[in-house]
Amino acid sequence: MVESELFGHKKGAFTGANASRLGKFALANGGTLFLDEIGELPLSAQSKILRALQSNEIQPVGQDNVEIIDVRVLAATNRDLTVEVKEGRFRADLFHRLSVYPLTVPPLRHREGDVTILAGFFLEQARRKLGIRNIKWEAEALETLSAYQWPGNVRELEHVVNRAALKARAKFSSNTIVSVSKPDLGLLDERTDSSESQTSQSTQADDVNTKTLKQATDAFQRKTVINALESADFNWAKAARTLSVDRANLIRLAKRLDIQVTKKHRIE
């Protein structure tokens with residue numbers, strides 16, 4: 001299916017191929033093709049991409065003759081391809097063929113100052129989507145964003161900003177300036193990897209070392225779900241919105257974590 005997507009296929013080439021179809025290389029003929037997450041491709045597809053780059057030839061699935069194409073390729077991956085080559089998961093010849101002009105984009109946590117700039121950009125986008133006249137960051141909120149390590153990079157930052165703007169909007173009238181505060185960032189505070197206290201960091205490290213990864217993850221999720229339920233006055237739908245998850249999925253997660261809410265709103 002990967003080869004069909006990239007190079008196309010002829011009618012009847014495989015089950016479900018009810019009509020001939022052009023692949024991405026053929027569609028990009030005369031232009032530029034962006035291959036995202038190229039490190040995930042199987043070796044069989046890598047060999048055909050190498051042929052396309054070296055000889056400007058592609059062969060659709062189920063077709064005997066080759067086609068000539070003229071395509072400029074841009075490729076991206078979150079994997080270290082030098083490691084992938086050493087481990088035999090990525091072809092060395094394809095790696096060198098692609099490495100004409102490599103660009104390395106460092107993670108967000110290593111780009112000092114970018115968090116503040118991007119947070120402002122995403123907040124402006126959120127302002128337009130939510131129909132807010134004026135919105136701004138409080139200094140403490142920006143400091144918290146800058147201290148966080150952002151394992152999910154820019155995409156995680158965008159989601160955090162959108163949630164924070166939505167929470168802030170609910171606290172202000174439409175005619176006032178909406179101010180996004182640190183509490184609007186929600187669970188970000190608990191995951192911030194800052195240097196606030198060496199003692200607390202040492203304690204947390206000791207706690208993690210005494211647990212397996214699954215136990216530590218379950219404990220964190222349990223605490224997070226309980227806090228969300230208590231803040232939402234035990235309203236499952238409201239708690240699910242706070243956590244940005246589906247209500248049914250939240251209930252299933254709570255059941256797996258053995259979280260029980262009684263009619264008297266007591267968590268066991």
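Keep in mind it's a predicted model, so treat the numbers as computed, not measured.
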> Do Gln221 and Leu257 have side chains that get closer than 4.5 Å, going by heavy atoms?
Replying inline: yes
>> If I take atom CG from residue Asn153 and atom NE2 from residue His110, how far apart are they, to the nearest 0.5 angstrom?
In response: 10.0 Å
>> Nearest 0.5 angstrom please: Arg91 CZ to Ser44 OG, how far?
In response: 10.5 Å
>> Counting only heavy atoms from other residues, nucleotides and ligands, does the tally under 6.0 Å from NZ of Lys86 exceed 12?
In response: no
> If you measure from NZ on Lys48 to CG on Leu43, what distance do you get to the nearest 0.5 Å?
Replying inline: 13.5 Å
> Any chance the side chains of Ser181 and Glu138 put a donor and an acceptor closer than 3.5 Å?
Replying inline: no
> Do Phe25 and Val61 sit in the same hydrophobic cluster, where Ile, Leu, Val, Met, Phe, Trp and Tyr count as joined when their side-chain heavy atoms come under 4.5 Å apart?
Replying inline: no
>> Could you tell me if the side chain of Leu27 sits less than 4.5 Å from the side chain of Leu33, heavy atoms only?
In response: no
> For Glu40, which residues count as a side-chain hydrogen bond (donor to acceptor under 3.5 Å, both in side chains) partner, sequence neighbours excluded?
Replying inline: Arg79
>> Tell me whether Glu158 is salt-bridged to Arg155, with the criterion being a basic N under 4.0 Å from an acidic carboxylate O.
In response: no
>> With a 6.0 Å cut-off (strictly less than), is the heavy-atom count around CZ of Phe121, excluding the residue itself, greater than 12?
In response: no
>> Do Phe7 and Ile49 make a side-chain contact, defined as non-hydrogen atoms from C-beta onward lying under 4.5 Å apart?
In response: yes
> If Ile, Leu, Val, Met, Phe, Trp and Tyr residues are connected whenever their side-chain heavy atoms lie under 4.5 Å apart, and connections chain through other members, are Val66 and Leu53 in the same group?
Replying inline: no
> CD1/Ile259 to NZ/Lys223 distance, rounded to the nearest 0.5 angstrom?
Replying inline: 13.0 Å
> In terms of side-chain heavy atoms, does Glu67 have a donor or acceptor partner in Asn65 at a distance below 3.5 Å?
Replying inline: no
> Which atom pair, heavy atoms only, marks the closest approach of Leu98 to Ala75?
Replying inline: CD2-CB, 4.2 Å
> What is the minimum heavy-atom distance between Ser179 and Ala168, and which atoms define it?
Replying inline: O-CB, 3.8 Å
> So which heavy atom on Ile132 is nearest to which on Asn134, and how close?
Replying inline: CG2-O, 3.3 Å
> Taking Gln63 for the side chain and Ala13 for the main chain, is one N or O donor matched with an acceptor at less than 3.5 Å?
Replying inline: no
> Asn78 and Glu37: side-chain contact (heavy atoms from CB on, under 4.5 Å), yes or no, with the steps?
Replying inline: CA-CA 7 Å; Asn78 63 355; Glu37 299 298 348; 3.2 Å; yes
> Are Asp184 and Lys171 close enough, and set up right, to give a side-chain contact (heavy atoms from CB on, under 4.5 Å), and what steps lead you there?
Replying inline: CA-CA 10 Å; Asp184 295 325; Lys171 299 186 298 185; 2.9 Å; yes
> Roughly how far apart are Ile69 CD1 and Asn56 CG, rounded to 0.5 Å?
Replying inline: 5.5 Å
> Do side-chain atoms of His9 reach the backbone of Glu3 as a donor and acceptor pair under 3.5 angstrom?
Replying inline: no
> Is the shortest heavy-atom distance from the side chain of Asn235 to the side chain of Leu229 under 4.5 Å?
Replying inline: no
> For His159 and Ser244, what are the C-alpha separation, side-chain angles and deciding distance, and is it a side-chain contact (heavy atoms from CB on, under 4.5 Å)?
Replying inline: CA-CA 9 Å; His159 293 332; Ser244 298; over 6 Å; no
> Honestly curious: do Val105 and Val83 fall in one hydrophobic cluster under the side-chain, below-4.5 Å linking rule?
Replying inline: no
> Mind checking whether Tyr148 and Val160 have side chains closer than 4.5 Å, heavy atoms only?
Replying inline: no
> Any donor and acceptor pair, going by atom type alone, linking the side chain of Ser231 with main-chain N or O of Ala228 inside 3.5 Å?
Replying inline: no
> With the 4.5 Å side-chain cut-off for hydrophobic clustering, are Leu130 and Phe122 part of the same group?
Replying inline: yes
> Does Arg222 use its side chain to pair, donor to acceptor, with the backbone of Asp258 at less than 3.5 Å?
Replying inline: yes
> Roughly how far apart are Thr144 OG1 and Lys182 NZ, rounded to 0.5 Å?
Replying inline: 4.0 Å
> Does Thr242 use its side chain to pair, donor to acceptor, with the backbone of Lys238 at less than 3.5 Å?
Replying inline: yes
>> Ignoring hydrogens, what is the shortest heavy-atom contact between Ala165 and Ile135? Give both atom names and the distance.
In response: CB-CD1, 4.1 Å
>> I want to check something: taking the side chain as every heavy atom from C-beta on, are Ile58 and Val71 in contact at a cut-off of under 4.5 Å?
In response: no
> For the residue pair Val2 and Ala45, what are the closest heavy atoms and their distance?
Replying inline: CG1-CB, 4.0 Å
> Asn227 and Thr224: side-chain hydrogen bond (donor to acceptor under 3.5 Å, both in side chains), yes or no, with the steps?
Replying inline: CA-CA 5 Å; Asn227 289 341; Thr224 300; 5.9 Å; no
> Minimum heavy-atom separation for Asn18 to Lys11, with atom names?
Replying inline: O-CE, 3.3 Å
> Does the pair Val154 and Arg111 meet the rule for a side-chain contact (heavy atoms from CB on, under 4.5 Å), with working shown?
Replying inline: CA-CA 11 Å; Val154 177; Arg111 285 144 57 187; 4.1 Å; yes
> Does Arg21 pair with Glu5 as a salt bridge, N-O distance under 4.0 Å?
Replying inline: yes
>> For a 4.5 angstrom cut-off between non-hydrogen side-chain atoms, does Leu118 reach Trp150?
In response: no
> Do Phe95 and Glu84 come within less than 4.5 Å of each other through their side chains, counting heavy atoms only?
Replying inline: no
> In the single-linkage hydrophobic clustering (I, L, V, M, F, W, Y; side-chain heavy atoms under 4.5 Å), do Leu6 and Leu74 co-cluster?
Replying inline: no
